[in-house]
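Data first, discussion second: the structure below is written as C-alpha cells.
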2 protein chains.
Amino acid sequence: MKLSSRSRYGFRAILELAVGYGNGPIQIKTIADREDISNKYLEQLIAMLKAAGLVRSIRGPRGGYTLAKPPSEIRLDEVFSTLEGPLVAVDCLEHPSFCPKCTDCVTRRIWSEMQDAVLNVLRSKTLQDVVDMSKGTDRDANYTI
Amino acid sequence: MKLSSRSRYGFRAILELAVGYGNGPIQIKTIADREDISNKYLEQLIAMLKAAGLVRSIRGPRGGYTLAKPPSEIRLDEVFSTLEGPLVAVDCLEHPSFCPKCTDCVTRRIWSEMQDAVLNVLRSKTLQDVVDMSKGTDRDANYTI
DNA sequence: GTATAAGCTAGTAAAATGGTAGGTTTATAG
DNA sequence: CTATAAACCTACCATTTTACTAGCTTATAC
C-alpha cells in the first residue's frame with residue numbers, strides 16, 4: 001500500500017496548475033523543472049488527468065495546461081482515483097458478485113471501512129483547500145519526494 | 001493502492017487462528033484447504049507473521065500454529081504492517097530527513113492524513129473484535145477472494 | 001513556415017507479486 | 001527406533017507493474 005510515484009508526481013503537478021489557475025496555461029516543461037520530474041513521464045501522467053476531464057490542454061506555442069474547472073471544484077479523490085485506480089480496493093467491494101459469500105463476509109467489512117476512511121479524507125478536500133493550506137508557508141514548500 | 005493477496009490471504013489465515021484460539025494448534029494445510037489458498041504460499045505468509053511475533057509454531061506431528069497471544073491483544077494494524085509493510089506511506093513520513101522541505105510540505109500533510117485515517121481504523125480493532133463480528137453470521141462467511 | 005508545445009506509441013530495465021519446487025529439520029505416535 | 005507429520009528453509013520462476021526513455025506526429029501562434 002505504498003503510494004506510487006504516479007500519484008505523488010501527478011498530484012504535485014495538478015497542484016501546480018491549481019496554484020497557477022487563472023494565469024493562463026502552464027507548460028509540462030515548467031512543471032517538470034519546478035518539481036524535478038521527468039518531462040516525458042509527467043507528460044503521460046497529465047494525459048491521464050486530461051482523459052479524466054480534470055485538466056485541459058492548449059496546443060502550440062504559448063500553450064500548456066490549465067485545470068478544466070476551478071480548483072474549488074476538483075476534489076482530491078477525483079485526482080487520486082484517476083492516477084491510482086480504485087482506492088484501497090478489493091475486487092469484491094466493487095463487484096459483489098465476484099465472491100459467493102460477499103454479503104456477510106467479515107474481512108470484506110474491514111476492507112470497506114479502510115477504503116471509506118481514505119475516501120473520506122480525500123472527498124472532504126478540494127485542490128483549493130490544499131492551495132489555501134500552502135499559503136503562509138513558503139511557496140516552494142509544495143514538495144514531496 | 002490495491003490490497004495485495006499477501007494481505008488478504010494472511011489476514012484470513014490469522015483470523016482462522018483467532019477463531020480457533022485455545023483449541024490447540026492448526027496446521028497450514030488445514031487453513032490452506034479451508035481458505036482455498038496455495039499451501040506453500042501460505043507457508044511463507046505465516047512465516048512473516050511468526051517473524052513478527054504474532055504467531056507461534058509447534059513442530060512435528062500434531063503440530064501447527066497458534067496465535068502468540070490472545071486475539072484481544074493483537075491489533076489489526078500489527079497484522080497489516082507485517083504483511084503489507086508501512087501503510088499508505090510515503091518515505092518522507094517515516095524519514096523526514098529524506099526530503100529537504102519536509103517540515104512545511106503540503107502534500108506530505110495530505111499523505112499523513114490518509115495514513116492516519118487507515119491506521120485509526122486498524123488500530124481500533126483487534127482480532128477478537130473481528131471474530132465477534134463474524135459470530136452470528138455463517139462460520140464459512142469468513143471469506144474474501 | 002518555423003519554432004513551440006501537446007499528443008501518441010512503443011520499448012524497456014528493474015522491482016514486486018504470486019506463486020512452485022524440493023529438500024531439511026523436529027517431534028510424536030506406535 | 002522408525003515412520004511420518006508437520007514446520008522450516010532456500011531458491012527459482014512467470015507475470016505484472018512501475019517508472020521511465022525514445023522518437024515521431026500534430027496543432028498553432030507568430
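We name chains A, B, ... by the order of the sequence lines, and we start the count at 1 in each one. These values consider heavy atoms only, across backbone and side chains, with no hydrogens, waters or symmetry-generated copies.
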Next on the checklist: Is there a side-chain contact between B/Ile110 and A/Met133 in this structure, where contact means two heavy atoms from C-beta onward sitting under 4.5 Å apart?
Outcome noted: yes

Item to check | Check: A/Leu76 and A/Asp129 side chains under 4.5 Å, non-hydrogen atoms | outcome: no

Checklist entry - When the ring planes of A/Tyr41 and A/Tyr9 are compared, do they come out parallel, tilted or perpendicular, using 30° and 60° as the limits? => result perpendicular

Checklist entry - Using a cut-off of 4.0 Å on non-hydrogen atoms, how would the nucleic acid contact of A/Lys2 be classed: base, sugar-phosphate, or nothing? => result nothing

Checklist entry - Looking across every strand, which nucleic acid part, if any, lies under 4.0 Å from A/Ile46 by heavy atom: base, sugar-phosphate, or nothing? => result nothing

Checklist outcome for this item: Heavy atoms of A/Leu54 and A/Val79 approach each other most closely as CD1-CA, 3.9 Å

Round to the nearest Å and state the distance from [X] atom [atom1] to [N] atom [atom2].
X	N	atom1	atom2	result
B/Met48	D/dC8	CE	P	15 Å
B/Arg59	D/dA5	CZ	C1'	12 Å
A/Ile58	D/dT26	CD1	C1'	16 Å
A/Gln27	D/dA29	CD	C1'	13 Å

Checklist entry - Between B/Ser124 and B/Asn120, is there a donor-acceptor pair closer than 3.5 Å when you use the side chain of the first and the backbone of the second? => result yes

Item to check | No-hydrogen, no-angle side-chain donor-acceptor test under 3.5 Å, A/Arg8 and A/Ser5 | outcome: yes

Item to check | Between A/Asp132 and A/Gln128: side-chain donor-acceptor atoms closer than 3.5 Å | outcome: yes

Next on the checklist: Looking only at the side chain of B/Pro61 (C-beta and beyond, no hydrogens), which of the listed nucleotides D/dT26, D/dT4, D/dA7 gets closest?
Outcome noted: D/dT4

Checklist entry - Should B/Ser57 be listed as having a side-chain N or O under 4.0 Å from OP1 or OP2 of D/dC8? => result yes

Please set out all donor-acceptor pairs under 3.5 angstrom arising from side-chain atoms of residues 62-73 of chain B, sequence neighbours excluded.
none

Checklist entry - Just by protein heavy atoms under 4.0 Å, how would nucleotides 11-22 of chain D read 5' to 3' in B, S and -? => result B------SBBB-

Next on the checklist: Hydrophobic clusters here meaning ILVMFWY residues chained together by side-chain heavy-atom distances under 4.5 Å, can you tell me if A/Ile37 and A/Val19 are in one?
Outcome noted: yes

Checklist outcome for this item: Students should find that the nucleotides of DNA chain C closing off the region near chain B, any atom under 4.0 angstrom from a heavy atom, are C/dT17 to C/dT28

